[in-house]
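Single-structure report; data block below.
Counting begins at 1 with the first residue of the sequence.
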Amino acid sequence: MKCCAIDVSGQELTLYFNDDMSLCDVRANGSTCAISQDATSGEISVHLNEHGVIKLVLQAVVGDETAVGYRAYLSDAFVGQGSASLQDVDASMLQAQVLAAPQSTGVATPQSQGKWLAIAGIGFKLLKTVKVVKVALLAASVGVYSVIFTPQFAVALVAILMFHEYGHIRGMKKFGIPTKGIYLIPFFGGMAIGEKHKSQWQDVYISMMGPVYGLIMTVVFYLIYSFTGSHFAGLVASISALLNLFNLLPVHPLDGGRVIKALVFSYRNYWALLILLTLSACCAVLSAMFGFYFLVFFIVLGVIDTLSGWRVGLEQDVTPLTPYGILFSLGWYFLVVGLFLAMIVLIALDGLPGAEIATKVLSS
């Protein structure tokens, strides 16, 4: 048996060879290492616990049978080459482990095990990515609503929520605000996630873009129903009108509440704050009377957020709206509310699928 010592980036490797010069063991700084060999290229991988993998390409030295040549790579980066002198050692002092090609045995080598571990690690990272979470929540929403209602209703509802939240995303992008995407949560609805706005006008614009996109969707599908009589198109128009009108209620954290909050915080008048809190309380009572306890919960959170935000000094707050901005925002808000009410009247008169809900809203 022969051995040679080489130094690779501070790691002292001792290579042991059988009499036929086949590698049988490798020691790093005196410790045994896991080794594997590529059957095609003959490349040897020495697996170090904390220093990565050293790959060696061994070759004979022409005209010198007492030395072995090598090229060394650390984490696939070339780190050096050279030759090392071979010395005779007593085989009884070392328990040899002859390397075998991976495809010639049924035993998994460290190299093949490492590949499977790498694949498993990639799969785990994929599960943690945001996109996978979004898809999982989307699928969960469709599944839950399909069980509660019908698959057709579930698809329509999810499509409406996605398009509404996409309007918010477009609003954020207009001001260059970084976004993190849309998340659908069963029983709750959807959320467009992005960084904090820098002015009250940005908050108004972003909040209104969801209902505006919802209004466009409502009108388009109403027209499709008018020309084709498609049950699905009529269902989308009805649900879109109702959900977006509901979202315009002046209750934080609904879109309508965010708009009113931006106006109140720009004006910084205690009477305006009192009116906003009174509206929230009335909506909470009505929601409780109709059994919408989930909405009551969010109204309470909205009130807490409003009160905590009011305590922040104006100089520390985002840029307020000008008087003209306040009037414009109010006009925009009431215009969109009025258009949705007009659409609901049309839906009720034409008897679209889902119009019975619109009729109940109008009768109340």
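Listed by chain and residue number, V219, L339, F340, M343 satisfy the side chain to side chain contact (heavy atoms under 4.5 Å, CB included) test with L215 (two or more places apart in sequence, or in another chain).
For residues 213-244, every residue pair satisfying the ring pair (Phe, Tyr, Trp, His ring centres under 6.0 Å) rule, not counting sequence neighbours, is listed here: F163-Y213, Y166-Y213. For residues 203-219, the set of pairs meeting the salt bridge (Lys or Arg N to Asp or Glu O under 4.0 Å) definition, not counting sequence neighbours, comprises D203-R258.
At distances below 3.5 Å, at least one donor-acceptor pair connects side-chain atoms of E165 with backbone N or O atoms of A192.
To the nearest 0.5 Å, the span separating CD1 on I344 from CG on L349 amounts to 12.0 Å. Taken to the nearest 0.5 Å, the CG atom of L157 stands 6.0 Å off from the CD1 atom of I239. From I260, atom CD1 reaches atom CG of L330 across 6.0 Å, with rounding to the nearest 0.5 Å. Atom-to-atom distance recorded for L243:CG and I160:CD1 is 6.0 Å, nearest 0.5 angstrom.
Ring geometry for W332 against F328 counts as tilted: the plane angle lies between 30° and 60°, on a 0 to 90° scale.
Annotation for S85 and C4: closest pair O-CB, 3.2 Å, computed over non-hydrogen atoms. When all heavy atoms are compared, the tightest approach of M208 to Y333 is CE-CA, 3.9 Å. Here the shortest heavy-atom pairing between P211 and L248 reads CG-CD2, 3.6 Å.
No more than 12 heavy-atom neighbours from other residues, nucleotides or ligands sit within 6.0 angstrom of CD on Q87.
Within the 4.5 Å cutoff, the side chain of S329 has heavy atoms near those of the W201 side chain.
Remark: K2 fails to qualify as a cation-pi partner of Y16 under the 6.0 Å distance and 45° angle criteria applied to the six-membered ring.
The side chain to side chain contact (heavy atoms under 4.5 Å, CB included) with S240 is formed by just one residue from the set T218, I347, I216; it is T218.
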Check the pair H164, N244 against side chain to side chain contact (heavy atoms under 4.5 Å, CB included), reporting the backbone distance first and the verdict last. CA-CA 8 Å; H164 175 97; N244 282 280; 2.7 Å; yes
